[in-house]
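Just below is one structure, and these are the notes that go with it.
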2 protein chains.
Amino acid sequence: MGTAIAEHRPTGLRERKKARTREALVEAGMRLFGERGYQATTTEEIAASADVSQRTFFRYFGSKEELVLAAQEGMDELLYQAVRARPLQECALTAARNALRDQWELSDTAVMHAQGEALRLIDTNTDLLAAQLRYCHERQEQLAALLAERAGVDPATDPRPGLVAAVFFATVQNGHTAWCRSGRTDLKELVATMLDHLDQVGEAITTNW
Amino acid sequence: MGTAIAEHRPTGLRERKKARTREALVEAGMRLFGERGYQATTTEEIAASADVSQRTFFRYFGSKEELVLAAQEGMDELLYQAVRARPLQECALTAARNALRDQWELSDTAVMHAQGEALRLIDTNTDLLAAQLRYCHERQEQLAALLAERAGVDPATDPRPGLVAAVFFATVQNGHTAWCRSGRTDLKELVATMLDHLDQVGEAITTNW
DNA sequence: TGCCAAATGTCAGTGACTGACATACTCTCC
DNA sequence: GGAGAGTATGTCAGTCACTGACATTTGGCA
């Protein structure tokens, strides 16, 4: 079991070593961020704690923020696959919503836990939030392209795929902050909040309450 | 005429000087960004071009990105006022949509032009995009609070105000990127795109197309 | 074993941003 | 109009994220 992606079985010693170094950096970083806070931890300290040079840190991660965002990496591809697997009679937002649920059920518990830690950390620092939002913006465009392809419309002229993707990620992000703000730590509740918001958003914007 | 806010008439010499320095920094920064690009322009160059020290630059703007975002500053308050002025029988998203239209009609052409320049610049650099998205996130929370107050619901328990605010800004942002990507420079088209997307978003997410 | 390519370390440098302190300027009160 | 208070600015030193260049080590492979 595991992430169902990562077809790159670490065949040689070199690749195994690389994977270990990367994991050591993530582990050291998340631990230090938890202990001293994101801002108060330097990249040199993380590198030293993982027994590599600072230069090596930046060969694995393009920025300090990227280390935190690495936890969500790979989840996207899983989501897109899940969207592709949804039946075509489901409308775009419903398909994305159900794909989110499906993908979460398939995920490894360790990956889920790391995801939760990362999300809680993001809520403590505005630089991280900015990086996360930019990252979501990229994923949003990929989802828009996928939804356009799924429905057989031209994404260059039809704004609807882009709109659904924008609403989807905005709602998910909304669930994220709501979950963090509620002080809960149970990941089931995070997913439940996101799915609940996705269920409500259509009525919330079309009716007068 | 004028921004309708900015009740701070520059009464003394000191305040007039401050306003002039700030404007000189914005003007120098936007000019240099346009000539050499955002990344290739240093804060020292901007400061020198405005005849102040780099330290003074950072007393006016907390970061390099903030100088670009300064153009949108004040537009928020205008938007909130416009929302408050919309009749209560309009549902939340419609009120926000019409408020956006109203606010744009009231704005100064110079302010609008600066806004357009800033938006086009943001589209050229991912650091700026990240800063802009974080800024939108703050504005989104304020709009959510306003919508909750307007409808008389509790924003702590009812997710709908937050959802509408999230959808509103996501859609506006979507219009922004669509406008930039189309290569257009006419601000009327920017507003038209945003309003058009706001009109379409409800049907786009609730129907199967 | 020996060659090639990839991974890493070291070093010097850039640029955003900050705190501390001294100086110059504006405002106000008399 | 001048003294004192408060504010804006310049200067300087320093931190930290991040990068390019080059030398060194290390794993893959003939």
**OP:** Look at all strands and tell whether A:T42 reaches a base, only sugar-phosphate, or nothing, counting heavy atoms closer than 4.0 Å.
**Re:** sugar-phosphate
Original post:
So what does A:S53 touch, heavy atoms closer than 4.0 Å: a base, only the sugar-phosphate, or nothing?
Top reply: base
Subject >> Residue pairs passing the side-chain hydrogen bond (donor to acceptor under 3.5 Å, both in side chains) test where at least one lies in residues 187-196 of chain B, sequence neighbours excluded >> reply: B:R184-B:E189, B:D196-B:Q200
**OP:** Could you state the atom-to-atom distance from CD of A:Q39 to C1' of C:dT18 in whole Å?
**Re:** 11 Å
**OP:** Using whole Å, report how far CZ of B:F57 lies from P of C:dT18.
**Re:** 11 Å
**OP:** To the nearest Å, give me how far apart CD (A:Q54) and P (C:dG13) are.
**Re:** 16 Å
Original post:
Over how many whole Å does the gap from A:F58 atom CZ to C:dT10 atom P extend?
Top reply: 16 Å
Subject >> Under 4.0 Å protein heavy-atom contacts per nucleotide of nucleotides 19-30 of chain C, with B for base, S for backbone only and - for none >> reply: BB----SBS---
Original post:
Is the closest basic N to carboxylate O distance between A:E35 and A:R31 below 4.0 Å?
Top reply: yes
**OP:** Whole angstrom is fine here: how far is it from NZ in A:K18 over to P in C:dA5?
**Re:** 16 Å
**OP:** Name the nucleic acid region contacted by A:Y60, choosing base, sugar-phosphate or nothing; use a 4.0 angstrom heavy-atom cut-off, strictly under.
**Re:** sugar-phosphate
Original post:
Is the backbone of B:T42 close enough, under 3.5 Å, to the side chain of B:E45 for a donor and an acceptor to pair up by distance?
Top reply: yes
Original post:
Rounded to the nearest Å, what distance is computed from the CG atom of residue A:L25 to the C1' atom of nucleotide C:dT8?
Top reply: 12 Å
Original post:
Atom CG of B:D51 and atom C1' of D:dG10: how far apart are they, to the nearest Å?
Top reply: 13 Å
Original post:
Is B:E141 salt-bridged to A:R181, going by a charged N under 4.0 Å from an acidic O?
Top reply: yes
Original post:
Can you check the A:K64 NZ to D:dT19 P distance for me, whole Å?
Top reply: 15 Å
